[in-house]
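First up is the structure itself, then whatever we jot down about it.
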Amino acid sequence: MMQCLQFLVEPTRNITEKFKEFRKKVKNEKREPLDESQQFIVSLAKDLGRVCQRSEVLAHISESEDVWPTLTCRAFILEWASLLESKKRPMLTDGWPERSDWKDLALSSEQDMESAKRVILTWTKDLRAQPEQSVWPGEQVVAVLDDFENHWKRGQMATLLSAMELVFWTLISKELDKENIPQKWLMWKQRSQKIGATPYIPHIVWDWICDAGVEVTLDLDTANPDLLISKDEKRMRCGFERKDVANYHQRFDGWWCAVGTEGFASGRQYWEVDVGEMDWRIGVAKESALRKGFKSLNTNTGYLTLRLERGMELKALTVPFTALPAALIPRKVGVYLDYNQGQLSFYDVENRSHIYTYNETFGEKLFPLFGTVEIVKDLVIRSPENRSHCLCPGLCLWG
């Protein structure tokens with residue numbers, strides 16, 4: 001197979017190299033002097049790359065091909081100084097400390113910034129004493145670093161900050177199972193940065209999420225009488241006539257919703273939903289949540305959901321609600337429940353990006369929730385698609 005594609009692979013490699021040279025030339029021509037925070041990141045990337053094997057991706061940072069905005073650099077420095085400080089104290093149960101809001105970090109005082117730099121410099125002093133290329137990050141981390149680099153080269157990631165985070169965490173977490181670092185990285189990102197934690201979830205981590213895929217069907221006994229449900233119980237939309245059905249206590253009779261047949265009280269589950277373009281809600285309902293009338297379906301009433309209103313207002317229905325950027329509005333939503341870790345996360349399936357995560361301790365059964373008021377387009381529950389790993393070396397020929 002690879003021999004048959006060789007006539008395509010080689011020209012692609014040549015084009016890629018020429019493109020890299022052109023981009024580097026353009027950046028050199030337009031490059032402005034780096035400020036102190038940017039220079040600090042460049043120096044740190046050199047130190048990390050010197051010790052960690054297979055971390056060549058960091059050369060794009062250390063050689064100033066990937067220059068981060070100043071506020072991003074400041075936030076990164078303060079965050080990771082805090083992480084290094086936390087290593088001196090008893091660790092949290094999963095080894096990942098909470099972090100402050102990025103904006104708050106970036107706007108910290110110069111005194112805080114200098115203190116953070118000193119913490120990192122003290123750590124890098126010990127790092128420089130280690131032999132070159134002395135730390136093996138693990139196959140999973142190597143694969144994710146390659147994935148990040150390929151997406152960055154294609155312009156699908158603004159910076160290589162996530163790659164730097166992975167290498168940094170690998171070097172300070174020697175006791176951690178290296179093969180689980182990418183998954184731990186995502187869990188931490190979702191816990192500490194609930195909105196848009198990462199613009200791209202790498203293949204290995206996405207496959208791990210999809211491995212938790214479950215078959216979800218709609219429970220007809222819970223569906224609002226106005227809803228039309230398909231025979232396979234995976235599609236629904238609003239009809240024009242209210243059906244005459246038994247008014248069970250678990251049936252929605254106000255909001256146009258239904259829950260899944262099966263509830264979950266442990267483990268990991270993942271399902272996907274094709275949503276409408278104007279108004280929908282997706283998430284989970286606690287077993288004890290009331291379903292009658294038009295009382296708000298939010299965290300106070302036992303619902304953890306995303307809601308799109310009027311085609312342009314995306315919200316997490318916290319109390320008060322959390323407005324989400326319009327750029328995060330998806331057409332296909334991935335819902336990932338990690339019951340034991342207390343996370344319910346939503347993803348844009350088409351570009352594999354994070355939208356929002358609820359973090360709380362679950363204490364009762366959770367049922368998948370679906371809601372729509374659209375009368376033309378169905379809301380469709382889908383099973384996670386089978387994954388196929390690309391055989392192309394380097395940049396994928398098929399995108």
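Computed from heavy atoms alone, side chains included, the values below leave out hydrogens, waters and symmetry copies.
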Working to the nearest 0.5 Å, report the span between [atom1] of [X] and [atom2] of [Y].
{"X": "D338", "Y": "S345", "atom1": "CG", "atom2": "OG", "result": "8.5 Å"}
{"X": "L369", "Y": "C257", "atom1": "CG", "atom2": "SG", "result": "5.0 Å"}
{"X": "Q190", "Y": "S192", "atom1": "CD", "atom2": "OG", "result": "9.5 Å"}
{"X": "K194", "Y": "T318", "atom1": "NZ", "atom2": "OG1", "result": "8.5 Å"}
{"X": "Q39", "Y": "C73", "atom1": "CD", "atom2": "SG", "result": "10.5 Å"}
{"X": "H203", "Y": "R352", "atom1": "NE2", "atom2": "CZ", "result": "5.5 Å"}

Given 3.5 Å as the limit, does a donor-acceptor pair link the side chain of [X] with the main chain of [Y], or not?
{"X": "Q53", "Y": "Q133", "answer": "yes"}
{"X": "S109", "Y": "D112", "answer": "yes"}
{"X": "R268", "Y": "W208", "answer": "yes"}
{"X": "E364", "Y": "S288", "answer": "yes"}
{"X": "K365", "Y": "A265", "answer": "no"}
{"X": "R54", "Y": "P137", "answer": "no"}
{"X": "E262", "Y": "V216", "answer": "no"}
{"X": "T124", "Y": "L121", "answer": "yes"}
{"X": "R382", "Y": "E272", "answer": "no"}
{"X": "S230", "Y": "R235", "answer": "yes"}

Would you kindly confirm whether [X] and [Y] end up in one hydrophobic cluster when ILVMFWY residues are joined by side chain heavy atoms under 4.5 Å apart?
{"X": "V380", "Y": "L306", "answer": "no"}
{"X": "W169", "Y": "L48", "answer": "yes"}
{"X": "W136", "Y": "V167", "answer": "no"}
{"X": "Y356", "Y": "Y270", "answer": "no"}
{"X": "L297", "Y": "V333", "answer": "yes"}

May I ask you to say whether [X] pairs ionically with [Y], meaning some side-chain N is under 4.0 Å from a carboxylate O?
{"X": "K153", "Y": "E149", "result": "yes"}
{"X": "K234", "Y": "E215", "result": "yes"}
{"X": "K377", "Y": "E374", "result": "no"}
{"X": "D253", "Y": "R291", "result": "no"}
{"X": "E110", "Y": "R74", "result": "yes"}
{"X": "R237", "Y": "D378", "result": "yes"}

[Y] side chain reached by [X] side chain, heavy atoms, under 4.5 Å:
{"X": "L379", "Y": "V273", "result": "yes"}
{"X": "H354", "Y": "K189", "result": "no"}
{"X": "T217", "Y": "I381", "result": "no"}
{"X": "Y358", "Y": "V284", "result": "no"}
{"X": "K125", "Y": "T122", "result": "no"}
{"X": "Q140", "Y": "I181", "result": "no"}
{"X": "L366", "Y": "Q269", "result": "no"}
{"X": "L308", "Y": "M278", "result": "no"}

For this session: Return the orientation label for the Y336 and Y347 ring planes: parallel under 30°, perpendicular over 60°, tilted otherwise.
Result: tilted

Can you name the closest pair of heavy atoms from [X] and [Y] and give their distance?
{"X": "I329", "Y": "D348", "answer": "O-OD2, 4.3 Å"}
{"X": "I61", "Y": "M164", "answer": "CD1-SD, 4.0 Å"}
{"X": "V51", "Y": "L171", "answer": "CG1-CD2, 4.2 Å"}
{"X": "A258", "Y": "L218", "answer": "CB-CD2, 4.2 Å"}
{"X": "F264", "Y": "Y339", "answer": "O-CE1, 3.5 Å"}
{"X": "L314", "Y": "P325", "answer": "CD2-O, 4.5 Å"}

Exercise. Please walk me through it: do T222 and R251 pass side chain to side chain contact (heavy atoms under 4.5 Å, CB included)?
Worked result: CA-CA 4 Å; T222 70; R251 186 185 299 282; 5.5 Å; no

For this session: Indicate, with yes or no, if the rings of W185 and F148 have centres closer together than 6.0 Å.
Result: yes

For this session: Verify the ring-centre separation between F168 and W123: is it less than 6.0 angstrom?
Result: yes

Within a 6.0 Å radius of atom [atom1] on [X], are there more than 12 heavy atoms belonging to other residues, nucleotides or ligands?
{"X": "E241", "atom1": "CD", "value": "no"}
{"X": "E36", "atom1": "CD", "value": "no"}
{"X": "R331", "atom1": "CZ", "value": "no"}
{"X": "L290", "atom1": "CG", "value": "no"}
{"X": "N247", "atom1": "CG", "value": "yes"}

Looking only at side-chain N and O atoms, does [Y] offer a donor or acceptor that is under 3.5 Å from a partner on [X]?
{"X": "N298", "Y": "K315", "value": "no"}
{"X": "H151", "Y": "D147", "value": "yes"}
{"X": "S37", "Y": "D35", "value": "no"}

Exercise. Are L227 and C238 close enough, and set up right, to give a side chain to side chain contact (heavy atoms under 4.5 Å, CB included), and what steps lead you there?
Worked result: CA-CA 5 Å; L227 291 172; C238 277; 4.0 Å; yes

For this session: Carefully, step by step, assess W255 and Y303 under the rule side chain to side chain contact (heavy atoms under 4.5 Å, CB included).
Result: CA-CA 13 Å; W255 296 109; Y303 294 87; over 6 Å; no

For this session: Output, in order, the C-alpha distance, side-chain angles, deciding distance and verdict of side chain to side chain contact (heavy atoms under 4.5 Å, CB included) for E165 and W188.
Result: CA-CA 11 Å; E165 285 180 340; W188 164 68; 4.0 Å; yes

